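As structure tokens, the structure follows; a few thoughts come after it.
Just so you know, these numbers come straight off a predicted model, no measurement behind them.
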Amino acid sequence: MSTVESPPSHGPGGLPEVHEQTRRELRARHYSRRTARSYLGWIRRFLAFYDRKHPAHLGEAEINRFLTHLAVERRVAPSTQTQALSALLFLYKRVLQVHLPWLEDIVRAKKKRHMPVVLTRDEVRRLLDRLEGTSWLLAALMYGSGFRLLEVLRLRIKDVDFGRHQITVRGGKGDKDRNALLPERLAGALKSHVANAKRLHQTDLKRGAGWVELPYAIERKYPGRGRDWRWQWVFPARRIYTDDETGQRRRHHLHESAVQRAVKRGVLEAGIQKPATCHTLRHSFATHLLEAGKDIRTVQALLGHRSLETTMIYTHILNRGPLAARSPLDLL
């Protein structure tokens, strides 16, 4: 694509209109709030890189140069560069309605293969012993079910099946659904937590609140569903907020930073030397399942990995397969 002399007549005018049109398009296509914020951030950085020129005056060469700058000078991760590219493709294709051919000249950020941090069973036990309340329950679910942090925070009441000891993850990574384990040891604690959440919701209803953000067009298709108990978050936030568009008084799910701080503090108090995070509990879940003899296809399904190769990294941690070897010192 070559740069154009002036903004297309059918497109938005100034930069404020570009940003507003981008917001509307993201909302109309049901992008998550997190993705929308990220896309808008990358678009602002792209335009700031070129002294806030109108994007219609910037073409393929400028996009290539910006993405190459991210990889070479900023040394961003490959996933970060890909996200920036996705944001710019959205801007040109959906907002400006300009087709961009595949960008061949981008210098791609180098993808490094890192071995995940995994805790031993004793380290997991020590970490959980340092947590309490909701933080303990969330950490126990991440380890016991293999959840990503946002997956467990975005659980809704209807997704928990106590009878089958099963939890359904809706719209996980790659917008995929999957079934996860509900550990029997956590069933009682989770039931108690859900009962407390229900009492909180009933109090909200009496105060004229009790709404929750719904996915896609469900609110338009089923008016009032936003106050339905089944659609409420399993882990609601402490505060109520008023949605700017609807005026509804809603309660969001618990913010991930609160859980991350609690786990970080627990790691330090437990004397764990590894750089463990919430995601480490998911890695530990997969590794300990394989150590217990579960087949790798089952672990792949429980983790929601699209490719078996992604799951195979845990076999390297176990020192199995081609890496299975004993030190010659141990054989003396």
Side-chain angles (χ1 to χ4, degrees), residues 12 16-44 87 90 94-95 133-135 137-138 141 147-162 167-177 190-262:
E17 292 182 51
V18 171
H19 292 308
E20 183 56 35
Q21 178 65 18
T22 304
R23 287 191 188 90
R24 287 198 296 267
E25 289 293 330
L26 288 164
R27 193 179 305 122
R29 298 173 193 281
H30 312 298
Y31 280 70
S32 70
R33 290 189 176 191
R34 180 180 292 267
T35 301
R37 283 197 300 267
S38 175
Y39 276 27
L40 289 167
W42 280 117
I43 290 169
R44 290 191 186 94
F90 183 91
R94 302 298 184 189
V95 181
T134 303
S135 297
L137 182 55
L138 284 162
L141 281 168
F147 289 121
R148 299 176 178 91
L149 175 55
L150 280 177
E151 288 176 345
V152 69
L153 289 176
R154 290 173 177 169
L155 290 177
R156 297 182 190 260
I157 297 300
K158 66 182 182 62
D159 298 327
V160 181
D161 188 339
F162 288 105
I167 299 176
T168 302
V169 177
R170 308 283 183 185
K173 190 173 182 179
D175 199 27
K176 295 181 295 183
D177 296 351
L190 187 56
K191 283 182 180 178
S192 177
H193 174 85
V194 167
N196 289 333
K198 189 170 187 177
R199 285 192 288 271
L200 178 64
H201 177 60
Q202 290 170 340
T203 301
D204 287 347
L205 290 174
K206 292 176 182 178
R207 296 175 176 174
W211 293 92
V212 70
E213 180 183 0
L214 294 176
Y216 309 116
I218 290 179
E219 180 61 42
R220 292 196 301 272
K221 191 174 181 180
Y222 303 105
R225 188 64 60 90
R227 300 184 93 187
D228 190 321
W229 162 241
R230 294 168 296 180
W231 282 91
Q232 302 302 310
W233 305 114
V234 174
F235 296 97
R238 295 180 179 178
R239 297 181 180 178
I240 293 174
Y241 72 97
T242 301
D243 182 66
D244 293 335
E245 292 183 25
T246 63
Q248 296 172 349
R249 296 175 64 202
R250 296 176 174 177
R251 197 178 287 274
H252 199 49
H253 61 67
L254 192 65
H255 197 272
E256 60 268 27
S257 63
V259 190
Q260 290 166 336
R261 286 194 300 268

- Message: So Arg199 and Thr203, do their side chains get closer than 4.5 Å, heavy atoms only?
- Response: no
- Query: Given Trp211, which of Arg225, Arg250, Gln232 fulfils the side chain to side chain contact (heavy atoms under 4.5 Å, CB included) condition?
  - Reply: Arg250
- With a cut-off of under 6.0 Å to the ring centre and 45° to the axis, is Arg156 in cation-pi contact with Trp233? yes
- Correct closest heavy-atom pair for Leu155 and Phe147 would be CD1-CZ, 4.3 Å
- When rounded to the nearest 0.5 angstrom, what distance separates CZ in Arg239 from NE2 in His252? 14.5 Å
- Does the side chain of Gln21 come under 3.5 Å of the side chain of Arg24 through a donor N or O and an acceptor N or O? yes
- Note on the structure: Closest heavy-atom pair, Leu153 versus His253, reported as atoms and distance to 0.1 Å, is O-CB, 3.3 Å
- Task: Can you see which heavy atom on Val95 is nearest to which on Val18, and at what distance?
- Result: CG1-O, 4.3 Å
- Message: Side chains of Val259 and Val152, heavy atoms from C-beta outward: is any pair under 4.5 Å?
- Response: no
- Message: With heavy-atom distances below 4.5 Å as the criterion, would you say the side chains of His19 and Arg44 are in contact?
- Response: yes
- Polar side-chain atom of Arg251 near backbone of Ala237 as donor-acceptor pair, under 3.5 Å: yes
- Message: Quick one, Asp177 and Val169 - any side-chain contact, counting heavy atoms below 4.5 Å?
- Response: no
- Item | Donor-acceptor contact present, side-chain Ser38 to main-chain Arg34, <3.5 Å | no
- Item | For Arg238, salt bridge (Lys or Arg N to Asp or Glu O under 4.0 Å) partners two or more places apart | none
- Nearest heavy atoms of Leu214 and Gly226, plus distance in Å: CD1-N, 3.5 Å
- For the atom pair CZ (Phe90) and CD1 (Ile43), what is the distance rounded to the nearest 0.5 Å? 7.5 Å
- Message: Determine whether a donor-acceptor pair (N or O, by modelled atom type, separation under 3.5 Å) exists between the side chain of Glu151 and the backbone of Gly171.
- Response: no
- Please round to the nearest 0.5 Å and tell me the distance separating atom CG of Leu254 and atom OG1 of Thr134. 7.0 Å
- Rounded distance (nearest 0.5 Å) linking atom CG of Leu205 with atom NE2 of His201: 4.0 Å
- Message: Are Val194 and Trp229 packed together at the side-chain level, in the sense that at least one heavy-atom pair is separated by less than 4.5 angstrom?
- Response: yes
- Message: Could you check whether any side-chain heavy atom of Glu25 comes within less than 4.5 Å of a side-chain heavy atom of Tyr31, counting everything from C-beta outward?
- Response: no
- First locate atom CG of Asp228, then atom OH of Tyr222, and finally report the distance between them rounded to the nearest 0.5 Å. 12.0 Å
- Query: Taking the six-membered ring for Trp, are Phe235 and His193 parallel (under 30°), tilted (30 to 60°) or perpendicular (over 60°)?
  - Reply: tilted
- Task: Write down the atom of Asp204, the atom of Gly210, and the distance for their closest heavy-atom approach.
- Result: CB-N, 3.6 Å
- Task: First locate atom CD of Gln260, then atom CG of Leu149, and finally report the distance between them rounded to the nearest 0.5 Å.
- Result: 5.5 Å
- What residues, two or more places apart in sequence or in another chain, satisfy salt bridge (Lys or Arg N to Asp or Glu O under 4.0 Å) together with Asp161? none
- Arg249: what forms a side-chain hydrogen bond (donor to acceptor under 3.5 Å, both in side chains) with it, not counting sequence neighbours? none
